[in-house]
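Before any comments, here is the structure.
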Number of protein chains: 2
Amino acid sequence: MTKPIPDPRHTLTLRDVSEASGVSEMTVSRVLRNRGDVAAPTREKVLEAARTLGYVPNKIAGALASQRVNLVGVVIPSLSNMVFPEVMTGISSVLDGTGLQPVVGVTNYLPDREESVIYEMLSWRPSGMIIAGLEHTEAARAMLGRAGIPIVEIMDIDGDPIDHAVGISHRRAGRQMAEAIITAGYRRIAFLGTQMPNDHRARKRLQGFEEALGKAGLTLVDREFYSGGSALLKGREMTAAVLARSPDVDFLYYSNDMIGAGGLLWCLAQGLDVPGRIGLAGFNGVELLDGLPRKLATMDACRLEIGKKAAEIIAGKAMPGEKVELFPTLQAGDTIRGR
Amino acid sequence: MTKPIPDPRHTLTLRDVSEASGVSEMTVSRVLRNRGDVAAPTREKVLEAARTLGYVPNKIAGALASQRVNLVGVVIPSLSNMVFPEVMTGISSVLDGTGLQPVVGVTNYLPDREESVIYEMLSWRPSGMIIAGLEHTEAARAMLGRAGIPIVEIMDIDGDPIDHAVGISHRRAGRQMAEAIITAGYRRIAFLGTQMPNDHRARKRLQGFEEALGKAGLTLVDREFYSGGSALLKGREMTAAVLARSPDVDFLYYSNDMIGAGGLLWCLAQGLDVPGRIGLAGFNGVELLDGLPRKLATMDACRLEIGKKAAEIIAGKAMPGEKVELFPTLQAGDTIRGR
DNA sequence: CCAGCGGCTGTTAGCGGTAACAGTAGCAGA
DNA sequence: TCTGCTACTGTTACCGCTAACAGCCGCTGG
């Protein structure tokens with residue numbers, strides 16, 4: 001018996017393992033996948049050979065042959081805003097049990113980029129796709145619709161899903177917050193948010209918010225938008241700008257918690273009476289901010305739950321209707337005065 | 001000619017496009033990949049057919065045949081701490097130009113989990129791997145070493161890389177911070193950080209920090225560890241605990257900016273004189289926190305640059321030595337008194 | 001004593017593309 | 001006119017693995 005080591009530079013295949021262990025490739029395949037019956041001693045021999053050779057199976061070949069891919073595409077707009085990491089946590093926690101693996105793609109809120117990310121992912125023939133939002137390019141919708149796999153659009157349910165949707169109604173969330181603010185007696189209300197034409201969820205919240213204001217005979221007193229930069233810092237700057245321009249404002253509604261926190265810190269530093277003289281609210285319920293001197297009023301977006309539900313649909317653990325609506329709870333915190 | 005539409009439920013292949021456009025599969029393949037010469041009218045016909053059918057290529061088959069995969073595995077411990085998203089940004093910015101695509105895997109600081117993530121990724125035969133840290137299981141190191149692709153270990157250079165390493169010396173970073181603190185005249189110094197046995201970089205920073213203290217004849221006056229929870233909140237709690245236990249402490253060194261920020265807010269709320277009575281410093285230089293009332297002393301970890309350099313190595317745009325060391329700069333902020 | 005079955009292993013034929021090579025036609029230059 | 005080249009298109013042989021099926025053996029039950 002000569003040294004069985006072939007070309008050390010050659011990447012290993014099933015054949016190498018089968019030769020090293022004296023059985024057919026098929027048997028090796030069966031052992032490594034724990035499929036079908038293999039005699040215990042044979043199994044041992046094979047595992048031993050695979051281990052010493054350092055064999056790593058080629059899933060590309062496996063997937064092509066079996067027409068099965070254990071990947072789930074997850075398409076999200078951003079990783080840097082605290083919200084999607086938590087969705088990912090929810091997804092992973094459910095997928096971990098199944099053999100499925102999430103693969104994330106980031107779009108930076110650009111529709112064309114989203115389209116190409118989706119195309120790229122579909123070309124790997126995943127077992128399912130999870131995509132943030134209901135707004136996509138025509139082509140993207142078409143591709144997804146034809147893919148023949150479960151598609152779950154997450155975060156939002158104000159619209160028509162391709163296949164399934166799991167999320168909250170941002171329109172309603174905006175409305176609810178407005179109602180709470182009005183009930184608390186605030187009347188001169190301003191909005192501060194992202195200037196992102198493609199952040200449809202922020203847009204819908206504002207829409208619902210204004211709708212509810214309108215119903216109470218109110219309109220926004222002022223509004224301020226930003227894009228890019230440190231959210232905390234932007235929150236300070238925008239708040240300063242709004243209060244300079246409209247000194248009589250008595251409530252600031254922020255499109256997310258991060259800028260809301262910046263605004264809160266600024267107000268406190270100015271010695272403003274929060275929530276007496278002025279109230280504040282954000283959106284998302286990011287745990288990250290729990291350590292602020294005062295707790296910002298917010299509304300959790302059910303991120304973990306959304307991730308879990310979406311993953312369950314992909315994994316076939318849930319056979320839901322077209323839309324799954326979750327209901328965020330308002331967390332009044334310390335920045336809205338008690339009625 | 002009857003309707004050429006086959007089974008609408010059947011996923012499309014090159015053959016479908018070739019039949020629809022009246023050329024061979026090979027020609028279709030060439031058109032779709034922009035490879036080789038194809039007559040303009042033929043190209044048009046093929047593209048038209050592909051478009052109307054809604055054909056999405058099967059990269060699994062393509063990769064198997066061409067032995068080329070445009071994927072780069074990126075293995076990181078966490079997505080939720082602001083540091084890796086920025087590394088990802090650096091990686092993407094470089095990879096975007098090449099045909100390469102990053103695929104992230106998250107390990108939650110668990111070595112075994114890391115090993116299995118690496119195994120899973122290698123089984124898709126990526127063109128390269130980028131992995132946080134230099135500490136891996138024996139098996140993981142072996143797999144990576146045998147994979148025959150470029151491997152870049154990032155963030156840290158205090159150790160022996162498998163192939164390439166791009167990062168900073170955390171030991172040195174800790175030393176530098178200690179020296180700055182001592183120079184500024186602080187003497188009773190405490191450390192507050194994560195209780196994570198597998199956060200090797202935080203460990204090395206502390207090690208370098210204590211080393212430098214030792215050289216100046218000092219030792220840590222107190223130390224406090226935490227795990228899990230909202231970092232900002234933990235920062236408050238730990239700071240309160242340390243100051244209750246060791247009221248004479250005059251400097252707090254945090255293992256990251258987030259808990260440092262929590263501590264800073266707490267100190268300010270207590271009316272403590274920062275940086276006169278007590279100084280603070282963190283680590284990472286997260287832009288997120290720019291909006292704090294006072295700027296926390298920190299050290300940027302060159303995250304963007306690390307991502308870029310690593311991606312350049314994978315993309316073959318750089319042919320560096322084994323280690324690429326970057327040098328963080330100390331940002332004194334407003335929480336270390338001027339000498 | 002043999003059919004039948006369960007446990008185990010091997011053989012064959014692809015999965016859907018692409019590399020490499022093999023034409024074919026048209027045209028320029030010798 | 002013929003050679004040789006360029007531009008274009010097709011044919012063939014895999015890539016590494018798995019589904020499906022085909023043995024083979026030993027044992028059980030009729």
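Side-chain atoms are counted along with the backbone in the values below, which use heavy atoms only and exclude waters and symmetry mates. Chain identifiers are assigned alphabetically (A, B, ...) following the order of the sequence lines, protein sequences preceding nucleic acid strands; residue numbering begins at 1 within each chain. In this text the structure is predicted, and so the values were computed from the model without any measurement.
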request  = For B:P57, check side-chain contact (heavy atoms from CB on, under 4.5 Å) against everything at least two apart and list the hits.
outcome  = A:Y119, B:Y55
inquiry  = Looking at B:R68, I'd like to know whether one of its side-chain N or O atoms comes within less than 4.0 Å of OP1 or OP2 on D:dC15.
reply    = no
Pairs where [range] contributes a residue and the test salt bridge (charged side-chain N to carboxylate O under 4.0 Å, His left out) is met, not counting sequence neighbours:
range: residues 17-30 of chain B; result: B:R15-B:E19, B:R15-B:E25
range: residues 130-154 of chain A; result: A:E135-A:K204
range: residues 308-319 of chain B; result: B:E305-B:K309

request  = Let me have a per-nucleotide readout for nucleotides 4-17 of chain C, 5' to 3', with B, S or -, counting only protein heavy atoms under 4.0 Å.
outcome  = ----SBBB--BBBB
Solution key, residues 104-113 of chain B side-chain donor-acceptor pairs under 3.5 Å, sequence neighbours excluded:
{"unit_1": "B:T107", "atom_1": "OG1", "unit_2": "B:Y109", "atom_2": "N", "d": "3.3"}
{"unit_1": "B:R113", "atom_1": "NE", "unit_2": "B:V106", "atom_2": "O", "d": "3.3"}
{"unit_1": "B:R113", "atom_1": "NH1", "unit_2": "A:D96", "atom_2": "OD2", "d": "3.2"}

key: Listed partners of B:R51 passing salt bridge (charged side-chain N to carboxylate O under 4.0 Å, His left out), at least two apart   = B:E48
query = Between CZ of A:R43 and CG of A:L32, what distance do you get to the nearest 0.5 Å?
reply = 9.5 Å
note = When the rotation axes relating C1' atoms of four end pairs to the next four are compared across the helix from C:dC1-D:dG30 to C:dA30-D:dT1, five pairs an end, they differ to 10° by 50°
For residues 65-73 of chain A, please give each side-chain donor-acceptor pair under 3.5 Å, one per line with the distance, not counting sequence neighbours.
{"unit_1": "A:S66", "atom_1": "OG", "unit_2": "A:G62", "atom_2": "O", "d": "2.9"}
{"unit_1": "A:S66", "atom_1": "OG", "unit_2": "A:R68", "atom_2": "N", "d": "3.3"}
{"unit_1": "A:N70", "atom_1": "ND2", "unit_2": "A:G99", "atom_2": "O", "d": "3.2"}
{"unit_1": "A:N70", "atom_1": "ND2", "unit_2": "B:E120", "atom_2": "OE2", "d": "3.2"}

